[in-house]
Amino acid sequence: MGPGLRRDDAYICSMNILGIETSCDETAVAVVADGSPPTIRANLVQSQLAEHAPYGGVVPEVAARAHLDHLDRLIRAALVEAGLGLDDLDGVAAAAGPGLIGGLIVGTMAAKGIAWAAKKSFVAVNHLEAHALTARLIDNVAFPYLLLLVSGGHSQLLVCAGVGSYRQYGSTLDDAAGEAFDKSAKLLGLPQPGGPAIEAAARHGNPRRFPLPRPLAGREGCDFSFSGLKTAIRERILATDPADSETVADLAAAIELAICDALVDRTAAAVRRFRAEYPHGASLIAAGGVAANARLRTRLAALANDSGLAFIAPPPALCTDNGAMIAWAGIERLRLGFADPLDAPVRPRWPLDPDAPGTMKPR
Ligand code: KG4
Ligand code: ZN
């Protein structure tokens, strides 16, 4: 049992859980019901893109205030859509880290308030664990599985051995894959979030017109690096000065392909290690916002197929940040009897595998 957890006396076998996600720039609330299969009874996401657009990036203080503005309304709307009152809930789960501290405080304080007032269990969810477990919400995938977790702030390859049990094979040495998409989009004059914008622009582009490097390709280990690629992309865009839509499309296609190639190469190394170390492991899972990318999904499906693994990726709306994944992680933890006390802290840094080399200890 991890630190700060306690084992509830009663094992709960059927539950309705409210999930609250406020770790970055989406305010998201969902209600998920346990069962086979589980049911997403409501799943609402309020993007803060408009609030952050004038600043060219996510401003933590603006994000915290926007969460505060949107959260109560979204909680009410999610309960109405689910057809439930607070009394019908079995627990309230909120992302307690990693992420921006202001937003984490807003979400967890709301969840704790409801849990206290309605006398329900509270679960402090690790946002990364929620991404990691989403495949079990949609497909009841058995542990252990290999996970490529790629989002705006994280790029990791992990073995998911059980709820609360993760082993990191590799991580980014510098930037995350999502960040490479977002920064590239900005340089190309495309809107944020950059991933979907690059994907759309790349659709009719020629990915071979502009050669770009494939960082760490073929190298030992399973780590990623995107900062060199980001510099190469910037230099390529400055040298090209893309004024016509065809050049933008070709650059977007080259960027998408380079990032996908890098992710697939590192994942292939992880698959080899996973097959050797976990011969009974049967699945490769992709999660996090970048896993919504269709080109990446196709490539990972082919890799899994060639390696004798099943490939599972949540539908795009459950890859990007959402409340259903938080509610589901709450269900997974409460099913094991784990709940958290109402004084559980938020954790802006919260690695899934604290023993991984180079991991900064949580604050
Ligand atoms: O998981 P997520 O919603 O938030 C974080 O926890 O960071 O991931 C957001 C990231 C952004 O960088 C966004 O550009 C990227 O996921 N993303 C995509 C796509 N959809 C979202 N990247 C590539 N292709 C997409 N279709
Ligand atoms: Zn995320």
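Every number for a ligand or one of its atoms is a count from 1 in the order of the listing.
By the 4.5 Å heavy-atom criterion applied to side chains, Ile312 and Ile138 are counted as neighbours. At a threshold of 4.5 Å between non-hydrogen side-chain atoms, the residues Arg234 and Lys230 do not count as touching. When side chains are defined from C-beta on, Glu51 counts as touching His70, because their heavy atoms get closer than 4.5 Å.
Residue-ligand proximity, Gly153 to ligand 1, at heavy-atom distances under 4.0 Å covers atoms 7 (O). Heavy-atom proximity to Phe181, at under 4.0 Å, picks out these atoms of ligand 1: 22 (N), 23 (C).
The nearest heavy-atom contact from the protein to atom 10 (C) of ligand 1 is Gly152 N, 3.4 Å.
No more than 12 heavy-atom neighbours from other residues, nucleotides or ligands sit within 6.0 angstrom of CZ on Arg65.
Contact between Glu256 and ligand 1 is absent, with no heavy atom of the residue lying under 4.0 Å from the ligand. Heavy atoms of Cys24 stay at 4.0 angstrom or farther from ligand 1. Heavy atoms of His127 come nearer than 4.0 angstrom to ligand 1 in at least one pair.
With a 4.0 Å cut-off on non-hydrogen atoms, His131 touches ligand 1 through its side chain and not its backbone.
Atom 13 (C) of ligand 1 has its nearest heavy-atom neighbour, among Asp321, Ile198, Asp182, in Asp182. Taking only non-hydrogen atoms, the option from Gly195, Ala200, Gly289 nearest to atom 21 (C) of ligand 1 is Gly289.
Under the 3.5 Å distance criterion, with hydrogens and angles disregarded, a donor-acceptor pair is assigned to the side chains of Glu277 and Tyr169.
No donor-acceptor pair closer than 3.5 Å links the side chain of Asp139 to the backbone N or O of Ala135.
Seen from the Zn ion (ligand 2), atom NE2 on His127 and atom OD1 on Asp321 lie at an angle near 100° (rounded to 10 degrees).
Between Asp34 and Arg335 there is a salt bridge, since at least one side-chain N of the basic residue sits less than 4.0 Å from a carboxylate O of the acidic one. Salt bridge absent: Asp265 and Arg219 never bring a charged side-chain N and a carboxylate O closer than 4.0 Å.
For Gly178, a nitrogen or oxygen atom sits less than 3.5 Å from a nitrogen or oxygen atom of ligand 1, counting backbone and side chain alike. Considering both main-chain and side-chain atoms, Glu199 comes within under 3.5 Å of ligand 1 through a nitrogen or oxygen pair. Checked against a 3.5 angstrom limit, the closest N/O atoms of Thr320 and ligand 1 fall outside it.
Backbone or side-chain N, O or S atoms of His131 reach the Zn ion (ligand 2) at under 2.8 Å.
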field: Trace of the side-chain hydrogen bond (donor to acceptor under 3.5 Å, both in side chains) decision for Asp175 with Ser227
entry: CA-CA 6 Å; Asp175 301 336; Ser227 72; 4.9 Å; no
